[in-house]
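Note that the structure is a prediction, hence the values are computed from the model and not measured. Residue numbers begin at 1 in each chain, while the letters A, B, ... track the order of the sequences.
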2 protein chains.
Amino acid sequence: MPDWERRLTEAGYRVTMPRRAVMEALVAAEVPLQPHEIRERAQTRHRRLGLVTVYRTLALLMELGLVRRVHREDGCHGYLLTAPGHRHALICQCCARAIEFAGGDDISALIQRVETQTGYRVEEHLLQLFGQCPSCQAATE
Amino acid sequence: MPDWERRLTEAGYRVTMPRRAVMEALVAAEVPLQPHEIRERAQTRHRRLGLVTVYRTLALLMELGLVRRVHREDGCHGYLLTAPGHRHALICQCCARAIEFAGGDDISALIQRVETQTGYRVEEHLLQLFGQCPSCQAATE
DNA sequence: CTCACTGCAAAGAATTTGCACTGAA
DNA sequence: TTCAGTGCAAATTCTTTGCAGTGAG
């Protein structure tokens with residue numbers, strides 16, 4: 001039994017076919033998926049899957065911290081499986097492949113500097129990097 | 001003649017009442033505004049202002065770099081006047097007042113670390129901080 | 001006087017809600 | 001068996017487009 005099924009069960013939710021299909025699509029994806037993309041991919045497993053169910057499932061998975069919503073520069077958003085312990089996304093502008101990386105001392109230092117400079121108390125941060133992944137760099141050069 | 005009017009003119013665009021009204025609303029605002037909020041505020045200057053024109057004006061102002069779109073944690077976005085030379089927004093979770101701050105060596109260091117760790121080449125970054133501004137901190141304590 | 005710009009209406013996305021049916025526990 | 005979960009249709013919300021009229025330069 002995968003960990004995410006245990007998390008669902010323990011929180012009092014049921015493990016259903018649509019939820020399995022959505023999770024499998026997200027696990028298989030290396031890129032942040034938009035709801036309609038998730039639906040298309042998940043339908044190979046569960047034909048009748050409705051877009052509404054995708055939205056509801058995503059809301060549930062986010063609530064449980066299994067999935068994160070990432071922003072794109074154009075304002076759209078995609079959904080990405082949460083890598084445990086990691087918080088930030090790095091997205092390839094060329095192929096959309098995304099990986100996550102951990103925040104380290106450098107982010108803490110930055111936050112501390114900004115707090116000192118502004119007088120604000122910083123509680124959350126949203127950091128995403130955009131660039132080119134190794135294989136797209138190789139393809140370009 | 002304000003600088004933004006010069007920028008418009010030099011780029012071959014016209015300075016019109018609706019554009020003035022939108023800019024004034026943004027200048028007066030200390031918080032990121034959503035399109036409908038901009039419209040409501042700008043209508044004190046220009047009654048007939050349509051939401052469509054707000055969208056078109058914002059697109060133009062973004063193209064000229066006068067305005068930035070900022071993301072909120074809930075996925076909505078607001079528009080904020082660009083502070084010259086600054087790139088990142090710090091938004092109060094309590095009153096929504098926003099200020100911008102400059103990226104410094106700390107961000108460069110972070111990006112360099114991530115590039116080394118991942119092999120990606122980083123070209124853009126999206127950084128926003130959320131917290132409490134000084135006056136909201138004072139009100140809470 | 002011209003043509004960029006505007007407002008309206010209407011189309012098109014993206015997301016949410018209402019409700020009767022279905023299937024996981 | 002029972003109620004959480006689902007799918008459909010339809011409602012909302014957000015944003016863009018088409019087009020005839022208006023006003024900035």
Side-chain angles (χ1 to χ4, degrees), chain A residues 1-2 4-25 32-40 42-64 66-79, chain B residues 1-2 4-25 32-40 42-64 66-79:
Chain A
M1 189 195 209
W4 69 269
E5 295 190 6
R6 184 166 295 113
R7 300 272 296 272
L8 269 195
T9 304
E10 282 169 5
Y13 297 104
R14 294 181 180 174
V15 176
T16 64
M17 270 299 285
R19 288 174 182 169
R20 276 210 177 92
V22 168
M23 271 304 284
E24 281 173 20
L33 298 178
Q34 293 187 267
H36 73 271
E37 295 169 325
I38 294 174
R39 184 194 188 199
E40 283 153 20
Q43 279 183 328
T44 55
R45 284 283 176 157
H46 184 66
R47 288 289 174 75
R48 305 200 148 283
L49 180 64
L51 192 52
V52 179
T53 301
V54 174
Y55 276 103
R56 286 191 278 224
T57 301
L58 288 172
L60 176 60
L61 295 174
M62 286 181 65
E63 183 191 316
L64 295 177
L66 295 166
V67 157
R68 295 201 308 119
R69 174 154 61 183
V70 301
H71 301 263
R72 300 198 320 202
E73 292 171 305
D74 62 2
C76 297
H77 24 258
Y79 294 81
Chain B
M1 190 195 211
W4 69 268
E5 295 190 7
R6 184 166 296 115
R7 300 272 298 271
L8 269 195
T9 304
E10 283 170 5
Y13 298 104
R14 295 182 179 173
V15 176
T16 63
M17 270 299 286
R19 288 174 182 171
R20 277 211 176 91
V22 168
M23 271 304 284
E24 281 172 20
L33 298 178
Q34 293 187 266
H36 73 270
E37 295 170 324
I38 293 174
R39 182 193 190 199
E40 284 153 19
Q43 280 183 327
T44 55
R45 284 283 175 156
H46 184 68
R47 286 290 174 75
R48 305 200 148 281
L49 180 64
L51 192 51
V52 179
T53 300
V54 173
Y55 277 102
R56 286 193 277 224
T57 301
L58 289 172
L60 176 60
L61 295 174
M62 284 180 66
E63 183 191 317
L64 296 177
L66 295 165
V67 156
R68 295 202 306 119
R69 175 154 62 183
V70 300
H71 300 264
R72 300 197 319 202
E73 291 171 307
D74 61 4
C76 296
H77 25 258
Y79 294 82

**Student:** Using a cut-off of strictly less than 4.0 Å, decide whether A/His36 has a side-chain nitrogen or oxygen near OP1 or OP2 of C/dA13.
**Tutor:**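 It does not, given that no N or O in the side chain of A/His36 lies less than 4.0 Å from OP1 or OP2 of C/dA13.
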**Student:** Please report the C-alpha distance between A/Val67 and A/Val22 in whole Å, then the side-chain angles of each, then the deciding distance to 0.1 Å, and finally whether the side-chain contact (heavy atoms from CB on, under 4.5 Å) criterion is met.
**Tutor:** CA-CA 11 Å; A/Val67 157; A/Val22 168; over 6 Å; no
**Student:** On DNA chain D, nearest-nucleotide positions of B/Thr9 versus A/Leu49: which is more 5'?
**Tutor:** A/Leu49
**Student:** Counting only side-chain nitrogens and oxygens, does B/Thr16 get under 4.0 Å of the OP1 or OP2 atom of D/dA24?
**Tutor:**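 Checking B/Thr16 against D/dA24: no side-chain N or O falls below 4.0 Å of OP1 or OP2.
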**Student:** Name the nucleic acid region contacted by B/Arg14, choosing base, sugar-phosphate or nothing; use a 4.0 angstrom heavy-atom cut-off, strictly under.
**Tutor:**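 Base contact - B/Arg14 has a heavy atom under 4.0 Å of at least one base atom.
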**Student:** Using whole Å, what does the distance between atom P of nucleotide D/dT16 and atom CZ of B/Arg56 come to?
**Tutor:** 11 Å
**Student:** CE of B/Met17 versus C1' of D/dT22: gap in Å, rounded?
**Tutor:** 14 Å
**Student:** When the distance from CZ of B/Arg48 to P of C/dA9 is rounded to whole Å, what number comes out?
**Tutor:**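 Checked: the CZ to P distance equals 11 Å.
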**Student:** Whole-Å distance between D/dG23 C1' and B/Tyr13 OH?
**Tutor:**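 Value for this atom pair: 19 Å.
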**Student:** Taking B/Val54 as the fixed residue, which of B/Arg39, B/Glu40, B/Gln34, B/Gln43 is the one that meets the side chain to side chain contact (heavy atoms under 4.5 Å, CB included) rule?
**Tutor:**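 Per the side chain to side chain contact (heavy atoms under 4.5 Å, CB included) rule, the option paired with B/Val54 is B/Arg39, out of B/Arg39, B/Glu40, B/Gln34, B/Gln43.
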**Student:** Could you state the atom-to-atom distance from CZ of A/Arg39 to P of D/dT6 in whole Å?
**Tutor:**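 Going from A/Arg39 (CZ) to D/dT6 (P), I get 14 Å.
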**Student:** Are A/Leu60 and A/Leu8 close enough that some pair of their side-chain heavy atoms sits under 4.5 Å apart?
**Tutor:** yes
**Student:** When the distance from NE2 of A/His46 to P of D/dT6 is rounded to whole Å, what number comes out?
**Tutor:**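 It is 8 Å, rounded to the nearest whole Å.
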**Student:** Of B/Arg7, B/Glu5, B/Glu63, which meets side chain to side chain contact (heavy atoms under 4.5 Å, CB included) against B/Tyr13?
**Tutor:**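 Per the side chain to side chain contact (heavy atoms under 4.5 Å, CB included) rule, the option paired with B/Tyr13 is B/Glu63, out of B/Arg7, B/Glu5, B/Glu63.
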**Student:** Considering only heavy atoms from C-beta outward, does the side chain of A/Arg45 approach that of A/Arg20 to under 4.5 Å?
**Tutor:**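 No, their side chains stay 4.5 Å or more apart.
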**Student:** Quick one: is B/Tyr55 getting a side-chain N or O under 4.0 Å of the D/dT16 phosphate, OP1 or OP2?
**Tutor:**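 No, because none of the side-chain N or O atoms of B/Tyr55 sits under 4.0 Å from OP1 or OP2 of D/dT16.
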**Student:** Does A/Thr53 place a side-chain N or O at less than 4.0 Å from the phosphate oxygens OP1/OP2 of D/dG7?
**Tutor:** yes
**Student:** In whole Å, I'd like the distance from the CZ atom of B/Arg19 to the P atom of D/dG23.
**Tutor:** 15 Å
**Student:** Which is more 5' along DNA chain C, the nucleotide nearest A/Leu51 or the one nearest B/Pro18? Just name the residue.
**Tutor:**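 In this pair, the answer is B/Pro18.
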**Student:** For the pair made of CG in B/Leu58 and P in D/dT15, what is the distance, rounded to whole Å?
**Tutor:**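 Checked: the CG to P distance equals 10 Å.
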